[in-house]
Amino acid sequence: MKFLKYFCAASLLAASAGTLWSCDDDDDKRLSDAVLASVSSLTFEAQDTSEKIITVYADADWVTEIPDWVTVTPTEGTGVMDVTVSVSENMRDGAMDNPRKAKLVFKGRTLASRAEVLVSQVGNKFRDIPEYQKISDVIALDDEAAVKIPSALVMAVTTKGFIISDDQQSGAIFVEDTEKVAVGDKVCVWGTKSSDGAKLPIISCAEKSDDPNREGDKVEVLSSGATVTYPTPTDLTEQIDTYTSAERSYVSVTGFFNGSTVSVADDAKYSVSALDIPEEMGLAKLNGHNITVSGYYAGLAEPVHRIIVTTIVDKGAVETVYWAEDFEWLEPWTSLTPAGDTIGENNSDATAQQLGTNKVDGVSTYDALLAKGYEIIATHHSSKEERKPEAQTYLQRNYLKFGLTGYQSGIVLPKIEGVPSDAHLLLTFDTCTQRQGSGVFDDTELVVIVETGTARSDFELTVPHPETNGAYKWYKVEVDLQDAKVTPDTKITIRNADSQWPSSKALRWYLDNIKITKAE
């Protein structure tokens, strides 16, 4: 620890030496030009708090700005010093008061020479707050505000939460909680108002409490079976590429359903994704159908509008789809950094995270794919050091990129069930190769391998790509699986062809919208 302190102090001194030698005798000129703290935040319990020790790094004198409920010893110093921070008990009239937080500042001579430490203290966030009868009043609150809603009606349900409104339908808000509820339930909701990645309002109910002195977030079902009446929806079908909304508006769309996406036209820039639909809604059975879905708008994650579905109307089958994947479920992972869109943005430098990088609730993109039944396979040229499969396969928004120079990777599809034994199958997917700095696209060749027991069929294909210096675009590839039989034990692999497995070259490729259908 002493070594670290002296190293930091020496670095700070070196960075500001020119300024220090020119200081005069004014008090403010003797203050530090660089101040750092060993932590950026501290959290204390409401009672029986223990003091905490942090380190201040500076190249000269420093002083403090201290919240009135925080005590700091010492309050000023010179150079690198340990500092003790403590807080008073957060109690009022014998009971826990509201949570509190404020900035503790260690500062030097300029606005740039400030180290801020956010000091937070646990409390009862629901103490003395009003109960909200109208959802519109909740929506208008600032983020981080505590919310008590004594009664609201569940309008829609997803795998990650539910939509509520009030009797006047003054607005709709998503409640992020795993409590099992159903459409038509009357619920009491206590939580924290926040915003999601699309900047739409939500209520988070993640802060449960076992402390009898501190009320925690909760969702309670008061009654069930209430009649739910939805507003007249705004039809997105004809305005799919121009629609915007800063609210959870009630909308509908009619189009072709594939995976989790409703497409209204081949030339439309955007489509609609049904978000986190519970299995009991039966949407998966409508792959290949024209459908009308209605629900609450959940924001735009290009190139898809997301909605939380309430009703589905089947317009009839267009094709027989046995299995489909559009990777839209990867959105929670792709929105973290966020992941780039090489094809959509025509940008070879778009951000592409390794599959092991982005994590949602501790689960990486790679682990999420494995949980869905996928397998990522990989190889490398003898001139390269070995990498894990997730370190040479990448996340885009929302699709996958495979390989880098000297490294190749591929994907094994999950088990596919429900295919008739005599079915003639067609495998389709969207793909493109990577554009090099010279403008030339990688000369990638792929193979689709279908294995059932000892039977194996290989279907080789050259991946289409634009001319030199051309713009990225998706190419739909069709693979007639001919007499290949697909059972739940069949293994279907898409990877670089044998002649490129492995290779020292750059043979990168992108993958989206995989589908297995009945060949017409």
Side-chain angles (χ1 to χ4, degrees), residues 126 131-141 143 145-208 216-231 233 245-253 260 272-284 293-299 301 305-312 328-329 331-332 335 360-361:
F126 296 111
E131 292 186 344
Y132 294 94
Q133 307 294 331
K134 297 176 65 176
I135 298 300
S136 58
D137 292 337
V138 176
I139 292 172
L141 294 172
D143 282 0
V147 174
K148 282 185 180 180
I149 303 174
S151 180
L153 181 62
V154 177
M155 308 294 288
V157 174
T158 78
T159 58
K160 297 180 180 178
F162 50 93
I163 292 281
I164 58 173
S165 189
D166 51 52
D167 292 338
Q168 296 77 36
Q169 294 202 15
S170 66
I173 193 168
F174 184 75
V175 180
E176 195 174 57
D177 190 71
T178 56
E179 181 73 22
K180 186 67 174 178
V181 300
V183 173
D185 284 352
K186 289 273 190 175
V187 293
C188 163
V189 176
W190 289 18
T192 301
K193 193 268 181 174
S194 184
S195 298
D196 63 12
K199 300 182 179 179
L200 293 173
I202 65 172
I203 298 173
S204 173
C205 296
E207 296 181 27
K208 312 297 183 183
D217 297 345
K218 64 181 181 180
V219 172
E220 293 182 352
V221 177
L222 307 175
S223 64
S224 300
T227 300
V228 174
T229 303
Y230 295 106
S245 178
E247 302 175 351
R248 293 194 184 272
S249 309
Y250 194 67
V251 299
S252 67
V253 65
S260 64
V272 169
S273 176
L275 190 66
D276 302 323
I277 302 301
E279 289 185 9
E280 54 266 27
M281 292 193 74
L283 192 57
V293 292
S294 300
Y296 289 92
Y297 190 67
H305 296 284
R306 299 181 298 173
I307 67 171
I308 296 172
V309 174
T310 58
T311 59
I312 307 165
E328 292 304 320
W329 59 271
E331 175 61 26
S335 62
V360 175
D361 297 330

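Owing to the predicted nature of the structure, the values given are computational and were not obtained by experimental measurement. FYI, side chains are in, hydrogens and waters are out, and symmetry mates aren't considered; it's all heavy atoms of this structure.
Side-chain contact between Ile149 and Ile135 is present, with heavy atoms from C-beta onward closer than 4.5 Å. Side chains of Cys188 and Leu222 form a contact here, defined as non-hydrogen atoms less than 4.5 Å apart. Side-chain contact between Asp217 and Phe126: present, with at least one pair of heavy atoms (C-beta onward) separated by less than 4.5 Å. Side-chain contact between Glu179 and Glu220 is absent, with no heavy atoms from C-beta onward closer than 4.5 Å. Looking at heavy atoms from C-beta onward, Val138 lies out of side-chain contact with Ser136 at the 4.5 angstrom threshold. The closest side-chain heavy-atom distance from Ile164 to Ile173 is below 4.5 Å. Glu176 has its side chain within reach of Phe174: a pair of non-hydrogen atoms, C-beta onward, lies under 4.5 Å apart. Taking 4.5 Å as the limit, every side-chain heavy atom of Val293 sits out of range of all side-chain heavy atoms of Thr311.
Atom-to-atom distance recorded for Arg306:CZ and Ser260:OG is 11.0 Å, nearest 0.5 angstrom. Atom CG in Asp185 sits 10.5 Å away from atom NZ in Lys180 (nearest 0.5 Å). One distance of note links CG of Leu153 with OG of Ser165; it measures 7.5 Å at 0.5 Å rounding. Distance check, rounded to the nearest 0.5 Å: CD1 of Ile307 to OG of Ser294 gives 7.0 Å. Rounding to the nearest 0.5 Å gives a distance of 8.0 Å between OG of Ser151 and CD of Gln133. Taking CG of Leu275 as the reference point, atom OG1 of Thr158 lies at 6.5 Å (rounded to 0.5 Å).
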Open item on the list: Could you go through Lys186 and Asp167, starting from their C-alpha distance and side-chain angles, then the distance that decides it, and tell me whether this counts as side chain to side chain contact (heavy atoms under 4.5 Å, CB included)?
Closed with: CA-CA 10 Å; Lys186 289 273 190 175; Asp167 292 338; 2.9 Å; yes

TODO: Begin from the C-alpha positions of Val187 and Val181 and carry the test side chain to side chain contact (heavy atoms under 4.5 Å, CB included) through to its verdict.
DONE: CA-CA 8 Å; Val187 293; Val181 300; 4.2 Å; yes

TODO: Starting from the C-alpha separation in whole Å, work towards a yes-or-no answer on side chain to side chain contact (heavy atoms under 4.5 Å, CB included) for Tyr132 and Leu141.
DONE: CA-CA 11 Å; Tyr132 294 94; Leu141 294 172; 3.4 Å; yes

Open item on the list: Set out, in order, the CA-CA distance, both residues' side-chain angles and the distance that settles side chain to side chain contact (heavy atoms under 4.5 Å, CB included) for Met155 and Val183, then state yes or no.
Closed with: CA-CA 5 Å; Met155 308 294 288; Val183 173; 6.0 Å; no

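Within 6.0 Å of atom NZ in Lys199, 12 or fewer heavy atoms from other residues, nucleotides or ligands are found, so the atom counts as exposed in its surroundings.
In terms of heavy-atom proximity, Ser335 sits nearest to Pro332 at OG-O, 3.3 Å. When all heavy atoms of Leu283 and Ala274 are compared, the closest pair comes out as CD2-CB, 3.7 Å.
Although no hydrogens or angles enter the test, the distance criterion places no donor-acceptor pair under 3.5 Å between the side chain of Glu247 and the main chain of Tyr297. Panel note: side chain Thr192, backbone Ala145; no donor-acceptor pair is recorded below 3.5 Å. A donor-acceptor pair under 3.5 Å is absent between the side-chain atoms of Lys218 and the main chain of Trp190, judged by distance alone.
Among residues two or more places apart in sequence or in another chain, the side chain to side chain contact (heavy atoms under 4.5 Å, CB included) test is passed with Glu279 by none. By the salt bridge (charged side-chain N to carboxylate O under 4.0 Å, His left out) test, Asp137 pairs with no residue at all, sequence neighbours left out. Not counting sequence neighbours, Lys134 has no partner by the salt bridge (charged side-chain N to carboxylate O under 4.0 Å, His left out) test.
Between the side chains of Tyr250 and Thr310, at least one donor N or O sits under 3.5 Å from an acceptor N or O. Remark: the Ser194 side chain and the Asp143 side chain contain no N/O donor-acceptor pair separated by less than 3.5 Å.
A salt bridge links Asp196 with Arg248; the closest basic N to acidic carboxylate O contact falls under 4.0 Å.
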